[in-house]
Amino acid sequence: MSTYNFKELEKKWSPFWEELNLYKTGDDPEKSNFYCLDYFPYPSGAGLSVGHCRNYIPTDVICRKKKMDGHNVLHPMGWDAFGQPAEEYAIKTGMHPAEVTRINTENYKRQMKLFEAGYDWSREINSSHPDYYRWTQYFFLLLFDRGLAYQSDNYQMYCPSCKIVLSNEESAGGVCWRCNGEVVKKKLPQWYFKITDYADRLLDELDDLDWPENIKAMQRNWIGRSHGAEVVFSVDTEKNGTIDLPVYTTRIDTIFGATFCVLAPEHPELLNIVTDQYRDDVERYIKTSSSKTDLQRLVASEKEKTGIFTGAWAVNPFNGEKIPVWTADYVLSGYGTAAIMAVPAHDERDHAFAKKYGLSVVEVVAPGGVAQGVEDAATVADGELINSGQFTGLSSVDSRKVMADYAVQNGFGKAETRYRIRDWLVSRQRYWGAPIPIVHCDKCGAVPDRNLPVVLPDVESYEPDDSGRSPLAAQEAWVNTSCPRCGAPAKRETSTMAGFACSSWYFLRFVSPHFSEAPFDPEEVKKWLPVDLYVGGAEHAVMHLIYARFWTKVMYDAGMLDFTEPFTSLKNQGMLISYDHQKMSKSKGNVITPDDMVVKYGADALRLYIVFMGPFEAEIEWSEEGLAGTYRFVKRVWNLFLETAEPEDAEIDEAFDRELRYELARTVKKVTEDIDGFQFNTGVAAMMEFLNFLSVNRGKASSAKGTWRKVQKDFLAVLAPVAPFVSEELWHVLGFPGETVHTEPWPQWSSQDLVKNSVEIVVQIKGKIRDRISVPAGASKQQIEEIALGRDKIKEYLNGAVPRRVIVVPGRLVNIIG
RNA sequence: GCCGGAGUGGCGGAAUGGCAGACGCGACGGACUCAAAAUCCGUUGCCCUUCGGGGUGUGAGGGUUCAAGUCCCUCCUCCGGUACCA
């Protein structure tokens with residue numbers, strides 16, 4: 001009997017499967033289609049760690065099983081290849097980013113093959129290739145043509161350390177998503193996609209998706225729809241007449257408690273309403289707050305809010321009262337109207353501000369009809385309106401509608417829905433991205449260049465400068481062109497698109513990666529999309545996943561697709577923590593690579609361990625001892641199967657044969673359900689349990705010869721998706737039919753085999769286990785009760801007492817209540 | 001603060017309201033060996049035990065139920081996200 005040698009098996013079967021085209025996408029019209037997709041990886045120079053395996057191995061297992069189940073499977077892989085690290089490397093070394101990318105993608109591919117992730121490499125795509133990005137540019141123009149792409153020179157989030165502008169999503173929390181550094185505001189002309197037009201649909205259509213709740217919650221949070229009202233306060237100014245000051249509020253019911261107004265320091269009317277007496281102070285305040293980053297502002301004002309009176313007074317349209325107008329940086333410029341009515345009695349922030357500056361507090365909502373007193377703290381709860389003129393006595397909830405209607409009737413306000421989400425800033429002043437296909441013409445303005453692709457030219461220097469100019473701006477021969485509309489001399493747009501544009505449609509490209517007439521072949525899209533199963537980490541909840549949903553809806557509106565959601569079912573793998581209890585990272589030097597582990601334990605053991613270590617979604621700490629455990633399992637399978645390969649002829653032991661069939665059926669059922677349900681850990685545990693059973697009973701193999709052989713066959717088949725090498729080798733050694741186990745039909749279990757003659761159940765007295773009895777499988781409740789009460793042990797415990805009640809759960813237990 | 005998720009042996013973790021701790025790791029004991037590794041067999045929640053067994057136990061406290069890790073209420077801790085969004 002030969003010893004288990006994973007290196008030999010890997011050397012033998014990997015090329016065999018490649019020769020066989022095992023991973024080629026199926027196209028049998030009789031079969032149903034299954035599209036499984038991994039997140040589009042950015043090929044980093046660091047290569048893959050075992051952490052990445054928690055993404056790629058489970059999807060590979062699912063796909064192998066789906067194939068054996070009789071599906072056509074599409075499981076492609078490609079590269080989100082535009083992006084900063086390659087560019088940074090290029091800046092440092094002068095090597096072309098395309099070359100950097102080529103080296104990195106080859107390494108990724110090599111590593112994926114190490115653990116035998118079965119991708120259809122004939123469909124490999126690369127977002128930095130002109131054949132791909134011409135279609136990214138095409139979608140830019142689709143958005144442009146539909147009025148969903150526009151230029152604006154507002155304040156942007158800018159990361160000084162990455163020297164790059166960021167979208168709102170990429171700078172959540174005031175820090176750069178890539179380097180975690182603090183972002184600053186910078187005024188630069190940029191291109192935006194109007195994702196806010198789709199806010200309602202992005203929010204409402206989340207409900208039916210089979211996605212993790214936390215991801216859906218994050219998106220809902222991010223979109224942040226709020227229903228409220230806009231109310232116009234008016235200000236008589238010294239020199240500029242009467243200025244209307246609309247404020248946004250979700251609590252119009254508290255408007256009789258508004259005792260002052262606050263404008264953001266960036267409010268466009270601020271300098272028009274300020275009185276001469278306060279002008280210097282206000283200008284100084286604006287300067288101070290604009291010198292702070294958002295993060296600094298937040299941290300500072302959490303301790304203590306600051307602000308300054310403008311000298312102006314605004315009229316509350318509901319009661320005609322004049323209230324002072326202040327400016328303070330706790331009011332944000334980017335949300336609502338950048339102006340608020342402050343109700344210190346019923347808003348904590350306004351309360352803190354009013355207390356600091358001695359502004360008055362008027363209580364107008366009484367929860368449960370009882371005024372709570374608002375000197376020390378604001379009352380946020382709803383209740384009955386007091387001190388509110390004609391609205392006094394209404395409930396605060398009802399009055400929101402009533403008072404908004406009143407404002408409409410009197411022409412000073414309206415109901416209004418606002419969103420937290422902002423438009424998607426998509427342009428980057430960087431070299432390594434898809435050029436935005438726009439030409440700027442003095443006469444015609446921004447004109448689409450439909451002669452795609454607009455090819456990224458070669459440059460000498462990849463370095464962006466601090467002025468926010470793209471390296472492309474220096475390429476005069478490229479920049480200077482003629483206007484596609486009027487032919488006059490014109491200049492190309494020199495920004496490129498953020499990488500998230502490329503990944504917003506890549507899932508469509510995979511169905512027809514070489515199609516040259518359009519971004520995708522509509523027939524193939526009909527066959528495969530939407531994606532049945534999408535797997536990746538949770539970090540893209542409000543970036544990639546929201547952008548891709550947005551583009552899909554735009555394509556739907558343009559009549560290109562007949563579905564509105566790209567990813568039917570989404571799963572997030574848990575993080576893998578290194579042995580030092582920290583995230584794996586190159587800088588910490590704690591990265592464990594699949595390369596090392598495959599050399600030491602083989603691909604099968606690594607694959608088994610990755611899915612066995614714990615629940616798929618859970619964060620788990622790496623343990624090489626654990627991997628050694630699955631290695632032992634593979635070896636035990638190897639040894640046992642070879643040892644019992646050809647049992648001698650012997651008399652059949654009916655009882656054992658039956659038991660063996662039962663254990664087989666139980667295992668096949670469990671593994672089938674667990675793989676389908678993404679419960680790989682318990683599925684592997686079931687195989688281990690079964691192996692333990694077989695191992696204990698190996699001596700009886702010959703007394704159940706036929707069944708034993710069926711056990712071997714089915715066991716190898718259900719093991720194959722997780723441990724493809726050892727199962728393939730044993731499949732052939734044991735002489736099972738077919739070219740490869742991986743195209744064999746998935747084993748079925750017989751429910752007949754799961755029926756037992758007798759079952760052991762426990763007998764409890766008042767919930768405590770006192771005895772175990774064996775009863776016929778079909779026994780009635782009454783029969784079971786009789787058997788239980790007839791037991792000596794039970795009689796002893798009852799000591800002649802007549803049970804008050806006996807609960808019988810067939811197949812489980814008897815509970816006697818004394 | 002708000003939203004989402006989770007608290008079970010020494011560790012990773014299992015348990016349609018029905019025998020808590022499957023499976024694996026680690027540890028301990030034994031076999032094999034000159035020895036070690038590998039392998040195999042056994043033990044392994046905690047406490048008590050006359051070795052038959054008995055008690056106790058799933059973050060804390062209540063509740064529902066014949067029966068609760070699982071359902072309900074209150075609270076605590078941890079992880080992830082988000083945070084002057086008016």
Side-chain angles (χ1 to χ4, degrees), chain A residues 3 172-174 212-222 224-226 228-229 247-252 254 262 264 294 297-302 305 328-332 334-343 346-350 352-353 380 418-422 538-539 541-542 572 574-575 608-609 612-615 617-630 632-633 635-636 639 670 679 681-692 695-696 760-769 772 803-818:
Chain A
T3 51
E213 258 330 298
N214 61 327
I215 302 285
K216 293 211 258 186
M218 277 189 241
Q219 290 209 354
R220 286 191 187 107
N221 218 323
W222 190 258
R225 180 163 62 196
S226 79
V247 303
Y248 176 68
T249 178
T250 55
R251 291 296 302 273
I252 193 174
T254 64
V262 187
D294 277 14
R297 258 160 85 156
L298 177 64
V299 170
S301 59
E302 243 170 20
K305 299 197 188 320
D329 62 10
Y330 81 91
V331 172
L332 304 177
Y335 184 77
T337 59
I340 62 159
M341 62 173 205
V343 184
H346 303 292
D347 181 282
E348 282 163 11
R349 299 154 300 184
D350 298 343
F353 194 78
V380 186
R418 294 270 171 176
Y419 304 87
R420 197 178 165 282
I421 193 172
R422 309 292 156 78
E539 68 277 7
V542 291
N572 300 128
M575 239 202 310
L608 275 158
Y609 177 59
F612 177 67
M613 55 170 58
E617 305 82 2
E619 179 176 300
I620 296 187
E621 216 162 274
W622 173 260
S623 150
E624 195 167 327
E625 290 79 15
L627 172 54
T630 55
R632 275 196 284 273
F633 168 69
K635 269 203 297 193
R636 291 180 65 215
N639 291 333
K670 178 81 178 149
Q679 316 271 307
N681 54 330
T682 49
V684 172
M687 291 190 250
M688 288 173 165
E689 263 178 271
F690 191 33
L691 180 73
N692 290 344
S695 188
V696 168
E760 190 186 72
I761 64 177
V762 296
V763 183
Q764 299 178 331
I765 295 176
K766 283 192 217 151
K768 287 192 199 258
I769 297 157
R772 288 164 194 281
R804 220 159 15 103
R805 200 176 150 195
V806 179
I807 287 141
V808 179
V809 184
R812 299 241 177 235
L813 51 67
V814 178
N815 193 4
I816 300 162
I817 297 107

**Request:** On RNA chain B, check which nucleotide each of A:Tyr419 and A:Ala686 is closest to and give me the residue with the more 5' one.
**Result:** A:Ala686
**Item:** Partner residues of A:Arg420 under the side-chain contact (heavy atoms from CB on, under 4.5 Å) criterion, sequence neighbours left out
**Value:** A:Trp222
**Request:** Side chain of A:Asn221 only, please: which of B:A83, B:C23, B:G81 is the nearest?
**Result:** B:G81
**Complete:** When A:Ile215 and A:Lys635 are each assigned the nearest nucleotide of RNA chain B, the 5'-most assignment goes to A:Ile215
**Message:** Does A:Val331 reach a base, just sugar-phosphate, or nothing at all? Heavy atoms under 4.0 Å.
**Reply:** base
**Message:** Students often mix this up, so state it plainly: with edges at 30° and 60°, are the rings of A:Phe353 and A:Tyr330 parallel, tilted or perpendicular?
**Reply:** tilted
**Prompt:** Taking atom P in both B:C73 and B:G24, what distance in whole Å separates the two?
**Reply:** 38 Å
**By side-chain contact (heavy atoms from CB on, under 4.5 Å) - contacts of A:Lys216 (at least two apart)** = A:Leu206, A:Trp211, A:Glu213, A:Arg220
**Asked** What residues, two or more places apart in sequence or in another chain, satisfy side-chain contact (heavy atoms from CB on, under 4.5 Å) together with A:Val331?
**Response** A:Val262, A:Ala264, A:Ile340
**Request:** Tell me whether the OP1 or OP2 atom of B:A86 has a side-chain N or O from A:Tyr330 closer than 4.0 Å.
**Result:** no
**Prompt:** With no hydrogens and no angle check, is any side-chain donor or acceptor of A:Asn815 less than 3.5 Å from a backbone partner on A:Gly767?
**Reply:** yes
**Item:** Interatomic distance where CG belongs to A:Leu332 and C1' belongs to B:A83 [whole Å]
**Value:** 11 Å
**Prompt:** What is the distance, rounded to the nearest whole Å, between atom CD of A:Gln219 and atom P of B:U82?
**Reply:** 13 Å
**Asked** How would you label the contact of A:Ile769 with the nucleic acid (heavy atoms, under 4.0 Å): base, sugar-phosphate, or nothing?
**Response** sugar-phosphate
**Item:** Separation of the P atoms in B:C51 and B:G13, to the nearest angstrom
**Value:** 40 Å
**Complete:** Testing B:A86, B:A22, B:G5 for proximity to the side chain of A:Tyr248, the answer is B:A86
**Strand RNA chain B in bracket notation, Watson-Crick/G-U under 3.5 Å with | for pairs to another chain** = (((((((..(((.....[....)))((((((.......))))))((((....))))..(((((..]....))))))))))))....
Distances under 3.5 Å only, N/O to N/O: pair up the protein atoms with those of nucleotides 25-30 of chain B.
unit_1: B:C25; atom_1: OP1; unit_2: A:Arg632; atom_2: NE; d: 3.0
unit_1: B:C25; atom_1: OP1; unit_2: A:Arg632; atom_2: NH2; d: 2.8
unit_1: B:G26; atom_1: OP2; unit_2: A:Arg632; atom_2: NH2; d: 3.3

**Message:** Rounding to an integer number of angstrom, what distance separates B:G21 and B:G10 when you compare their C1' atoms?
**Reply:** 14 Å
**Prompt:** Got A:Met688 and A:Thr630 here, is their nearest side-chain heavy-atom distance under 4.5 Å?
**Reply:** yes
**Prompt:** Rounded to whole angstroms, how far apart are CG on A:Asn214 and C1' on B:A6?
**Reply:** 12 Å
**Message:** Between A:Val763 and A:Ile761, is the side-chain contact (heavy atoms from CB on, under 4.5 Å) condition met? List the steps.
**Reply:** CA-CA 7 Å; A:Val763 183; A:Ile761 64 177; 5.5 Å; no
**Request:** Can you tell me, in whole Å, how much space there is between the C1' of B:A27 and that of B:G45?
**Result:** 14 Å
**Prompt:** Per the atom types in the model, does the base of B:C19 pair as donor or acceptor with the side chain of A:Arg812 at under 3.5 Å?
**Reply:** no
**Asked** Expressed in whole Å, how much space separates the C1' atoms belonging to B:G26 and B:C72?
**Response** 39 Å
**Item:** Nearest heavy-atom neighbours spanning A:Tyr248 and A:Ser226
**Value:** OH-OG, 2.8 Å
**Greater than 12 external heavy atoms within 6.0 Å of A:Glu348's CD** = no
**Prompt:** Within the pair A:Asn639 and B:C40, is there a side-chain N or O less than 4.0 Å away from OP1 or OP2?
**Reply:** no
**Request:** Measure from the side chain of A:Asn692, starting at C-beta and using heavy atoms only, and say which of B:A86, B:A83, B:C23 lies closest.
**Result:** B:C23
**Prompt:** Can you check B:G30 for me, syn or anti if syn means within 90° of 0?
**Reply:** anti
**Request:** Please identify each residue that fulfils side-chain contact (heavy atoms from CB on, under 4.5 Å) with A:Ala618, with sequence neighbours left out.
**Result:** A:Pro615, A:Ile620
**Prompt:** Is the closest side-chain heavy-atom distance between A:Phe690 and A:Lys670 below 4.5 Å?
**Reply:** no
**Message:** Would you measure the distance from the C1' atom in B:C46 across to the matching atom in B:G9 and give it in whole Å?
**Reply:** 9 Å
**Message:** My understanding is that only residues two or more places apart in sequence, or in another chain, count here; which of them pass side chain to side chain donor-acceptor pair (under 3.5 Å) with A:Arg418?
**Reply:** A:Glu230, A:Glu416
**Fill in**
With sugar-phosphate taken as primed atoms, P, OP1 and OP2 and all else as base, the protein-contact string of nucleotides 7-14 of chain B at under 4.0 Å (heavy atoms; B, S, -) is -----BSS
**Prompt:** Between A:Thr254 and A:Met341, what is the shortest heavy-atom contact and its length?
**Reply:** OG1-CE, 3.8 Å
**Prompt:** Under 4.0 Å between a side-chain N or O of A:Lys768 and OP1 or OP2 of B:U56?
**Reply:** yes
**Message:** Checking contacts here: which listed nucleotide (B:C23, B:G18, B:G81) is nearest the side-chain heavy atoms of A:Met688?
**Reply:** B:C23
Name the pairs: protein N/O against N/O of nucleotides 41-44 of chain B, kept only if under 3.5 Å.
none

**Prompt:** Between A:Tyr335 (OH) and B:A83 (P), how many Å, whole number?
**Reply:** 13 Å
**Asked** If anything within 90° of 0 is syn and all else is anti, what is B:G52?
**Response** syn
**Message:** For the C1' atoms, the ones on B:A37 and on B:G53, what distance do you get once it is rounded to whole angstrom?
**Reply:** 41 Å
**Message:** With rounding to the closest Å, how many angstrom separate the P atoms on B:C25 and B:U39?
**Reply:** 10 Å
**Closest to the A:Ala217 side chain, choosing from B:U82, B:G4, B:A86** = B:G4
**Request:** Would you mind reading off the distance between A:Glu213 atom CD and B:G5 atom C1', rounded to a whole angstrom?
**Result:** 11 Å
**Item:** A:Leu691 side chain reached by A:Arg636 side chain, heavy atoms, under 4.5 Å
**Value:** yes
**Request:** Only counting residues at least two apart or in another chain, list the ones meeting ring-ring contact (aromatic ring centres under 6.0 Å, His included) with A:Tyr609.
**Result:** A:Trp622
Show me the protein contacts with nucleotides 66-72 of chain B, counting only N or O atoms at under 3.5 Å.
unit_1: B:C66; atom_1: OP1; unit_2: A:Arg805; atom_2: NH1; d: 3.3
unit_1: B:C66; atom_1: O2'; unit_2: A:Asn815; atom_2: ND2; d: 3.4
unit_1: B:C66; atom_1: O2; unit_2: A:Asn815; atom_2: ND2; d: 2.8

**Complete:** Contacts of A:Gln764 meeting side chain to side chain donor-acceptor pair (under 3.5 Å) (sequence neighbours excluded), chain-then-number -> none
**Request:** Could you state the atom-to-atom distance from CD1 of A:Ile421 to P of B:G81 in whole Å?
**Result:** 19 Å
